[in-house]
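Report on the following structure.
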Amino acid sequence: MNPPRDLPKWADVALVPALSVAAAFLVAGLVVLGIGENPLAATRHLVFGSLGSGEGLGFTLFYATNFIFTGLAVAVAYHAGLFNIGGEGQATLGGLGVAIVGLEAGVLPAVLAIPLAILAAAAFGAAWAFIPGYLQARRGSHIVITTIMFNWLASVLLVYLLVNVLREPGSMNPETPGFAPQVQIPFLHDVLARLGITIPPSQLNLSFVLALAAAYGVWLLIYRSRLGYAIRVVGANPQAAVYAGISPERVTIVAMLLSGALAGGLAVNELMGYQHRLLLEFTAGYGFVGIAVALMGRAHPVGIVLASLLFGMLYQGGAELAFEQPKITRDMIVVIGGVIILFAGALDGLFRRLVARLVAPARLAEA
Amino acid sequence: MDATALLTVLDSGLRLSIPLLCACLAGLWSERSGVVDIGLEGKMLVAAFCAAAAAYAAGSAWIGLAAGVAGSLIFALLHGFASITQRGNQIVSGVAVNMLAAGLTAVIGNAWYGQGGRTPPIEGPQRFGDAVLGHSVLVCLALAAVPITWFVLNRTRFGLRLRAVGENPAAVDTAGISVSALRYAAVMLGGVLCGLSGAYLSISQSAGFLPGMTAGKGFIALAALIFAKWRAWPALGACYLFGLLDAIAIRLQGVVLPGIGEVPVQAVQALPYAMTVIVLAGVIGRAIPPRAAGVPYVKER
């Protein structure tokens, strides 16, 4: 995936993603116009809904937490040249890990139960990513197809378990009973209230801190560690990696394990932080939006956190918007996500050439 | 299970396999030319929506079919533009197509009809009724597409070139034939077939559009394509097998078998995905995709 033209770094890092987002909003605006609504009013509702109140901001950060995890998951695999679109399935399994600890850990104190449940989420997510990773490394099975199949397998498995095994006795809903209080990650408004600071209540919980720590950890891993270097070498050129004494097979498997573990973080925020039970389809497409987040953030943790904040705003603002202008449903976010993936991912070259023509005419003349 | 019940299951297996078959052949055309298409699901969804909306507005199933094919073609061209002209990442483009389709159909459907994204029910001449042995015309069209695909791909000059472009585009280019033109042709044929598939879903099998009504059929079609190792007749077999599994799963809902107990329907539903992974892993046979699939062609300068 070498860039078609050399761009100045600032253009590559900032301008290309910014243009993609601008284009995405333009397309979304046209859709809003097309269904006979006012795009400016819609933008206002969106921004006020997501940032205009403390409560809105809390929800924005809650959604952003989900996107940081799934975006990082896609990015780690991406650095190794792998396209993991199995985030949904890996997060689903992560949820299963959380549920097993959450339902059984009633005897443990919170100091032990919470880390255990987080580890279970990571381990289950990693295990679900291991099989496609192993098959890619050892049998050459295309990771994209296997991760797609594993998404569906995970969703079928979860339906089976929730309907037949884990369902709360006597309940009609395919949900587990509530988790033990010891595995519930505290809400930020509760934590701050204990310190005497009052903020409006929202779903925002301490998983947000975990997500930021994960982003820092991924930065350390990718840019400051031997393993991260190996991952990037394999992603850039697997043949060269072999000559450098790096095993692409091993790196492929390790990168997928890390990717799956990060995807499991979605279950931590969504289930341990908010739902406090395992339920169907809690992944709600966050895994796919993670692809948009990673592409927009240029697979760099800082970019991913920023892109996650933007998508968090869209999710929270989108909910408010759907309330104010019922014709614009939250599916609009999926449209925006799709356009960002299209422009920042597939049509990347188009923008790069445009930017190259604008900012570096001299380089173009040399070429 | 008596003979009538067996026949019913076989028959509904056929019904359920038709959307898979069309989408699978669409993927076959596209991937044989070297363009990987994981956007089958999205194109089916767009086609299903366009078909239902147009059939409802115009009162004719044929106009619905035309609109479905047109909608699917637009998305196919988008995918073609990104992956052929712009030499972008075909997987990423496919993901974008799927998300765009899921979002746009839901938003527009809700804005137009205000029924949570559903189109109004389609009835009478707006729908393809049963024409041949209890099946609609679209079933015949889909089944006819199998021998046509086989013949064109394996017995004509166009087909030979198209297969060559999926294996070794440089050789085709050296012979003075346009790689892009062939790939665009293949992607558009795929668009037409996805259009057929989506239209069948909304205006023949069901009576109207529901948001997300493809429910993963595009991905099962992708699985069937791998299962069939990118060949037309085996694709028919694989799609029928997966359709039959679906029919059996529906039939087994709540049935208690002696000795086994209640059959977990999910186990049957998981089979297509599990079987595909097994085939991909090379445990039974080996699924080798067209060599140039997924690689954008860069003409040497």
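Here is the naming used below: chain letters follow the sequence lines, and residue numbers restart at 1 for every chain.
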So which part of [X] gets closer than 4.5 Å to some heavy atom of chain B, the side chain, the backbone, both or neither?
X      : result
A/I148 : side chain
A/F150 : side chain
A/I340 : neither
A/V144 : side chain
A/F83  : side chain

Practice item. Specify which of B/L100, B/I108, B/V97, B/T105 makes the most heavy-atom pairs with chain A at under 4.5 Å. Key: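 Greatest number of close heavy-atom pairs with chain A: B/L100.
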To the nearest 0.5 Å, what is the distance between [atom1] ([X]) and [atom2] ([Y])?
X      : Y      : atom1 : atom2 : result
A/L350 : B/R87  : CG    : CZ    : 11.5 Å
A/S141 : B/I278 : OG    : CD1   : 11.5 Å
A/D331 : B/L104 : CG    : CG    : 10.0 Å
B/L280 : A/L135 : CG    : CG    : 8.0 Å
A/T146 : B/I226 : OG1   : CD1   : 9.0 Å

**Study point:** Chi angles and distances behind the side chain to side chain contact (heavy atoms under 4.5 Å, CB included) call for A/V159, B/V265
**Key:** CA-CA 10 Å; A/V159 172; B/V265 177; over 6 Å; no
Side chains of [X] and [Y]: closer than 4.5 Å at any heavy-atom pair?
X      : Y      : value
B/I38  : A/I85  : yes
B/L78  : A/L342 : yes
A/L347 : B/F81  : yes
B/M99  : A/V335 : no

Review point. With only heavy atoms counted, which part of B/I220 is less than 4.5 Å from chain A, the side chain, the backbone, both or neither?
Key: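 It is neither, since no heavy atom gets under 4.5 Å.
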Review point. Which atoms of B/A215 come close to chain A, meaning under 4.5 Å heavy atom to heavy atom: side chain ones, backbone ones, both, or neither?
Key: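 For B/A215, the backbone is the part near chain A, not the side chain.
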Check your understanding: Is A/F282 atom CZ crowded by more than 12 heavy atoms from other residues, nucleotides or ligands, each under 6.0 Å away?
Key ->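 Count over threshold, so yes.
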Review point. What residues of residues 284-292 of chain A sit under 4.5 Å from chain B when you count only heavy atoms?
Key: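 The stretch touches chain B at A/F288, A/V289, A/I291.
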Review point. Using non-hydrogen atoms and a limit below 4.5 Å, what part of residues 318-328 of chain A faces chain B?
Key: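 Only A/P326, A/K327 of residues 318-328 of chain A have a heavy atom under 4.5 Å from chain B.
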For residues [X] and [Y], report the shortest heavy-atom separation together with the two atoms involved.
X      : Y      : value
B/F219 : A/M149 : O-CE, 3.7 Å
A/L153 : B/A274 : CD2-N, 4.0 Å
B/V92  : A/G345 : CG1-CA, 3.7 Å

Check your understanding: Mind checking whether B/Y273 and A/W152 have parallel, tilted or perpendicular rings, split at 30° and 60°?
Key ->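 If you compare the ring of B/Y273 with that of A/W152, the planes turn out parallel.
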Review point. Chain B: which of A/V163, A/I145, A/N151, A/N164 shares the most heavy-atom pairs with it under 4.5 Å?
Key: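 Highest number of pairs under 4.5 Å: A/I145.
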